[in-house]
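Here the structure comes first, spelled out in structure tokens, and everything after it is commentary.
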Amino acid sequence: TQNGTDRSAWNSAMAPEAFIYVPEECHHNHGSGNHKHKCDVHVHYHCCAGSYNTEKIGRNLMLKQGIIEWAEPNNIIVLYPQTSRKGVQGWGCWDWYGDDHGGGALFDTQLGRQLRTVINMVEDLDHIIEEV
């Protein structure tokens, strides 16, 4: 799950699932704890109505944008956090203006619910990669 805060993912207009792509080289370097030095991280925020759980989108946006083909040879881990189907404003959007579900006035700071959740996922990559 992607809930890394004291509030549930649903309270932040985020889905309880996120996706990750880990290049082969990053898996090999993970055991030694060196993946942070050898593999960069890209957090890919989907567009409005682009969450995996949006009707007719599914995982296509993640799989067909060419990001995986770019990430593998460049040893870049790609994290795909997801909004809930309705997200902010009912369209599966990320909070870019301060909606109460996304964190209110703190939405664009590290204390905003959505950003804090994503930061927590990035900080917990060692554990997440172990589970992949």
Side-chain angles (χ1 to χ4, degrees):
T1 66
Q2 63 185 7
N3 180 23
T5 67
D6 59 342
R7 301 177 188 250
S8 75
W10 292 111
N11 284 342
S12 63
M14 291 177 73
E17 300 86 16
F19 297 89
I20 188 170
Y21 176 77
V22 181
E24 191 65 31
E25 185 68 25
C26 300
H27 269 294
H28 294 305
N29 288 325
H30 173 67
S32 64
N34 291 331
H35 81 272
K36 289 181 183 176
H37 303 290
K38 288 208 161 231
C39 299
D40 291 321
V41 177
H42 171 74
V43 177
H44 185 75
Y45 292 94
H46 60 73
C47 57
C48 289
S51 180
Y52 82 100
N53 56 23
T54 303
E55 189 175 332
K56 297 183 182 179
I57 296 290
R59 295 182 182 147
N60 288 330
L61 197 61
M62 290 178 274
L63 297 175
K64 295 183 179 182
Q65 285 183 315
I67 292 174
I68 292 170
E69 292 79 4
W70 163 77
E72 180 66 38
N74 292 294
N75 295 327
I76 298 172
I77 296 168
V78 183
L79 180 62
Y80 298 93
Q82 302 291 303
T83 61
S84 64
R85 185 172 183 164
K86 291 190 175 191
V88 175
Q89 294 185 333
W91 290 94
C93 299
W94 292 99
D95 183 11
W96 50 269
Y97 67 92
D99 182 90
D100 285 339
H101 293 303
L106 300 174
F107 77 100
D108 61 349
T109 73
Q110 292 185 8
L111 298 176
R113 283 184 227 150
Q114 290 181 343
L115 286 178
R116 174 56 23 210
T117 299
V118 172
I119 290 167
N120 287 346
M121 285 189 282
V122 170
E123 290 175 348
D124 198 30
L125 275 178
D126 283 335
H127 180 257
I128 293 170
I129 292 172
E130 280 179 16
E131 293 180 2
V132 174

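Note that this is a predicted model, so its numbers are computed, not measured. Values below: all heavy atoms of this structure, side chains included; hydrogens, waters and symmetry mates excluded.
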Between Gln82 and Met14, is the side-chain contact (heavy atoms from CB on, under 4.5 Å) condition met? List the steps.
CA-CA 6 Å; Gln82 302 291 303; Met14 291 177 73; over 6 Å; no
Determine, step by step, whether Val78 and His42 satisfy the side-chain contact (heavy atoms from CB on, under 4.5 Å) criterion, reporting the C-alpha distance in whole Å, the side-chain angles of both residues, the deciding distance to 0.1 Å, and the verdict.
CA-CA 5 Å; Val78 183; His42 171 74; 4.1 Å; yes
Partner of Met121 under side chain to side chain contact (heavy atoms under 4.5 Å, CB included), chosen from Val43, Leu79, Val41
Leu79
Side-chain touch Ile77/Ile20, heavy atoms, less than 4.5 angstrom
yes
Angle class for the His46/Trp94 ring planes (parallel below 30°, perpendicular above 60°, tilted otherwise)?
tilted
Which heavy atom of Glu72 sits nearest to which heavy atom of Glu24, and what is that distance?
OE2-N, 3.2 Å
Kindly write out the residues that satisfy side chain to side chain donor-acceptor pair (under 3.5 Å) with Tyr97, not counting sequence neighbours, or none if the list is empty.
Asp99
Does a side-chain heavy-atom distance below 4.5 Å link Val118 with Tyr45?
yes
Heavy-atom closest pair, residues Thr83 and Ser51
O-OG, 2.8 Å
Residue pairs passing the side chain to side chain donor-acceptor pair (under 3.5 Å) test where at least one lies in residues 58-70, sequence neighbours excluded
His44-Gln65
Which heavy-atom pair separates Gly50 from Leu61 by the least distance, and what is that distance?
O-CD2, 3.4 Å
Considering non-hydrogen atoms only, spot the tightest contact between Leu63 and Ile68 and give its length.
CD2-CD1, 3.8 Å
